[in-house]
Each structure stands twice: as C-alpha cells, then as structure tokens.
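Note sheet for the following structure.
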Amino acid sequence: ILALESAMATDMLIPKTLKSASAARPGAAPLLTVRGLETWYGESHVLHGIDFDVHAGEVVTLLGRNGAGKTTTLKSIMGVIGKRKGHVAFDGTDTISMPSRQIARLGIGYVPEERGIYASLSVEENLLLPPKVREGGLSVEEVFELFPNIKERLKSQGTKLSGGEQQMLAIGRILRTGAHFLLLDEPTEGLAPVIIDQIGATIRKLKREGYTIILVEQNFRFAQTVSDRHYVVEQGRVIDMIPNAELDANIDKLHGYLGV
C-alpha cells in the first residue's frame, strides 16, 4: 500500500510533458529518472525541482538561457556538486547519495564545458589518464578512428590543440573509460562550422552504437540534427519538452524561451 501511494504521489509530480514522453515508449522504463532535483552552490539555491526522463539509446538536449541551470543539472547527475537532494535513479539505482566515483562506475561519463585538458600533460597522457570503470570502452585505436586529428598530435601539449581538437580529446578520453551514458556540456561552443559538423557526426554515430547522451547546447539548430527530444530549462526547472520532430512547429515558442 505504501509503495502504491508513493508511486501515485510520484506520478502526480510528473509534468504532462514527461508523461507524454514516457508514453512514446510504452513499456520501456527510463534509463535515467530525475524527480524534484534541487541543488545549491553554497547558500545559492540553483535548481528548484528538476524533473525529466531519458530512455536508453536517446539523445536528449537541455535547452535554456545562460544561468537557467543546465550545467548544474549535469553536475548534479554526476555528483560533482556540493549540496543536492531529490531523486536521481540510473538503471534502477538511486544515485543521489553516491559520490561521483561510484556514479562513474555505473557507466556515466561527464565531459565538462571547459573540457578539463591538462596543460602539463601531452595529448597521449591526457587520453590515457582516466581509469577504465567498465568493460566495453573504446580502444585507443578506436578513438583514433573517430578522431584522426588526435593521433597526429599525440606528443603535443594538451592545451596546444585547437578548441575543436581539445573537444575531440575530451570526448575520446571518456569513451575509453567504458561509459555508455554521456553528459556533454556545450560541446560545440566556440568551434568552427566544420568541427561542429564532425562533432555532430560523432554524436550520431555513438547513438547508432547504443550510447545514451544528454547534451547541453545553446545552438538549438545543431541540437536539432542529433537529438530525439529537447527539454527547456528555466530558472532551475524544466518547463517544457519538445520532440525533435515538432521543433520547427514550435520555433516561435522556443525563441520566446531562449530570448532569441
């Protein structure tokens, strides 16, 4: 009875947009479920009850203005933030109280906006730095197949790479670890169009191979080329969900959300 009451209470908290998203995959439990996620930076309350789902094999985008809470949401899922509460479940495991090292061993990998490339290490050393956390990660040669530019610069200092090459290195490094659920924060920011196209092709390839991805992205036109669904984040809450197939029909509404 208590379990039933709890399930009913949780269902009442799910926005209509989330219910329609779940209905699109009848019988399929979400791989990631986030409910009532709240997060603080010190005394600053940043997330005010984030709710969304991600199913296995999806690419889902978090869209929103600067400061809306998109990056904080990724950090909260990964456990690399101080104070958080609510419900985050990955593949049936509640992760809200786990340290980030345990979350990583579930197969979740985080590529931050600043990429985290170490200036004191070569490209090769940066690539090999993170330990493998699960079986099934890409070999170094498979990373080179995805990103040939990296192979050509192995002995270079990590921060001597172009912005696009650093992004490739950051993604390739995570793929080595065995992570199959990827959190990518602004992967195309500041990159040349030809590199953006390459990042897009990589995301589509990873999706075809069964990876699940949450993408934080300002460029919704890029997101449209890779994503299944788009969640709109505003003032620390999810306020809408737009299926990719309906994005063009909702473009005026999206412009309003993003202040375009």
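A quick note: this is a predicted structure, and the numbers were derived from the prediction, not measured. If you read the sequence from its start, that first residue is 1, and numbering goes on from there.
- The ring pair (Phe, Tyr, Trp, His ring centres under 6.0 Å) search around Phe147 returns none, not counting sequence neighbours.
- With hydrogens and angles disregarded, a donor-acceptor distance shorter than 3.5 Å links the side chain of Glu125 to the backbone of Ser122.
- Residue Leu128 is grouped with residue Met168 when hydrophobic side chains (ILVMFWY) are merged at heavy-atom distances under 4.5 angstrom, including chains of intermediate members.
- Residues passing the ring pair (Phe, Tyr, Trp, His ring centres under 6.0 Å) test with Phe144: none are found, sequence neighbours excluded.
- In this structure, His255 has its ring center closer than 6.0 angstrom to the ring center of Phe220.
- Arg65 contributes a side-chain N or O that, together with a main-chain N or O of Tyr257, makes up a donor-acceptor pair within less than 3.5 Å.
- With no hydrogens or angles considered, no side-chain donor-acceptor pair links Thr72 and Thr39 at under 3.5 Å.
- From Leu184, atom CG reaches atom CD1 of Ile171 across 5.5 Å, with rounding to the nearest 0.5 Å.
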Can you check side-chain contact (heavy atoms from CB on, under 4.5 Å) on Phe181 and Leu31, steps first, answer last?
-> CA-CA 9 Å; Phe181 190 104; Leu31 180 58; 3.6 Å; yes
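- No side-chain donor-acceptor contact under 3.5 Å links Asp185 to the backbone of Val216.
- Contacts of Lys253 classified as salt bridge (charged side-chain N to carboxylate O under 4.0 Å, His left out), with partners at least two apart in sequence or in another chain: Asp240.
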Given the rule in the side-chain contact (heavy atoms from CB on, under 4.5 Å) test, do Phe222 and Ile203 qualify, once you have shown the distances and angles that lead to the verdict?
-> CA-CA 11 Å; Phe222 168 77; Ile203 291 173; 4.0 Å; yes
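- The CG atom of Leu138 sits 11.5 Å away from atom CD1 of Ile174, with the distance rounded to the nearest 0.5 Å.
- Under the rule for a ring pair (Phe, Tyr, Trp, His ring centres under 6.0 Å), the partners of Tyr211 that lie at least two apart in sequence or sit in another chain are His180.
- Judged by distance alone, the side chain of Ser44 and the main-chain N or O of Tyr41 form no donor-acceptor pair under 3.5 Å.
- The structure places CD of Glu58 at 9.0 Å from CG of Asp53, a figure rounded to the nearest 0.5 Å.
- Put simply, the side chain of His87 never gets that close to the backbone of Gly36: no donor and acceptor are under 3.5 Å apart.
- Legend: residues meeting ring pair (Phe, Tyr, Trp, His ring centres under 6.0 Å) with His45, ordered by chain and number and at least two apart, are Trp40, His48.
- A donor-acceptor contact shorter than 3.5 Å is absent between the side chain of Lys70 and the backbone of Glu234.
- A search for salt bridge (charged side-chain N to carboxylate O under 4.0 Å, His left out) contacts involving Glu141 returns Lys151, not counting sequence neighbours.
- There is no path of hydrophobic side-chain contacts, each under 4.5 Å, that joins Val59 to Tyr231.
- The two residues Gly164 and Leu191 make their nearest non-hydrogen contact at N-CD2, 3.4 Å.
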Below 3.5 Å, can you tabulate the donor-acceptor pairs from side chains in residues 94-120 to any protein atom, sequence neighbours excluded?
residue : atom : partner : partner atom : Å
Asp94   : OD1  : Ile96   : N            : 3.2
Thr95   : OG1  : Val88   : O            : 3.3
Arg115  : NE   : Gln167  : OE1          : 3.1

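- Applying the side chain to side chain donor-acceptor pair (under 3.5 Å) test to Glu142 and every residue at least two apart in sequence or in another chain returns Ser139.
- Annotation: salt bridge (charged side-chain N to carboxylate O under 4.0 Å, His left out) contacts of Glu209 (sequence neighbours excluded): Lys205.
- Residues passing the side chain to side chain donor-acceptor pair (under 3.5 Å) test with Thr93: none are found, sequence neighbours excluded.
- Leu182 is listed as a side-chain neighbour of Leu175, based on a closest heavy-atom distance under 4.5 Å.
- You'll find the side chain of Thr177 stays beyond 4.5 Å of the side chain of Lys132, heavy atoms only.
- No side-chain donor-acceptor contact under 3.5 Å links Arg229 to the backbone of Val60.
- Every residue two or more places apart in sequence or in another chain was checked for a side chain to side chain donor-acceptor pair (under 3.5 Å) with Gln198, and none qualifies.
- Asn244 places a side-chain N or O within donor-acceptor distance of the main-chain N or O of Gln224, the cut-off being under 3.5 Å.
- At distances below 3.5 Å, not a single donor-acceptor pair connects side-chain atoms of Arg153 with backbone N or O atoms of Val123.
- In this structure, the side chains of Val34 and Asp51 stay at 4.5 Å or more apart for every pair of heavy atoms.
- Proximity of Ile77 to Phe90: side-chain heavy atoms (C-beta onward) are nowhere separated by under 4.5 Å.
- Using a 4.5 Å cut-off between side-chain heavy atoms of Ile, Leu, Val, Met, Phe, Trp and Tyr, with links allowed through other members, Ile196 and Ile213 fall into the same hydrophobic cluster.
- From Thr202, atom OG1 reaches atom NZ of Lys207 across 15.0 Å, with rounding to the nearest 0.5 Å.
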Verdict with reasoning, Leu127 to Leu169, per side-chain contact (heavy atoms from CB on, under 4.5 Å) | CA-CA 7 Å; Leu127 180 62; Leu169 175 57; 3.9 Å; yes
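- For Lys85, there are no salt bridge (charged side-chain N to carboxylate O under 4.0 Å, His left out) partners at least two apart in sequence or on another chain.
- Expressed to the nearest 0.5 Å, how far CD of Glu124 lies from CG of Leu129 amounts to 12.5 Å.
- Within the 4.5 Å cutoff, side-chain heavy atoms of Leu47 are placed close to those of Ser76.
- Summarising the geometry of Leu161 relative to Gln166, their closest heavy-atom pair is O-NE2, 3.1 Å, with the distance given to 0.1 Å.
- Note that CG of Leu183 is 10.5 Å distant from CG of Leu215, once rounded to the nearest 0.5 Å.
- The shortest heavy-atom contact between Phe52 and Arg35 is O-NH1, 3.4 Å.
- At least one side-chain heavy atom of Leu254 sits less than 4.5 Å from a side-chain heavy atom of Val232.
- Tracing side-chain contacts under 4.5 Å through hydrophobic residues (I, L, V, M, F, W, Y), one reaches Ile195 starting from Ile150; they form part of the same cluster.
- Remark: side-chain polar atoms of Thr212 are paired, donor with acceptor, to backbone N or O of Gly57 under 3.5 angstrom.
- Under 3.5 Å, the side chains of Glu217 and Thr188 contain a donor-acceptor pair of N or O atoms.
- Side chain to side chain, Gln218 and Asn66 meet the donor-acceptor criterion of an N or O pair below 3.5 Å.
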Decide yes or no on side-chain contact (heavy atoms from CB on, under 4.5 Å) for Asn126 and Arg173, but give the supporting numbers first.
-> CA-CA 7 Å; Asn126 269 284; Arg173 182 170 61 182; 3.4 Å; yes
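- Side-chain heavy atoms closer than 4.5 Å link hydrophobic residues (I, L, V, M, F, W, Y) into clusters, and following such links, possibly through other members, connects Val46 to Met78.
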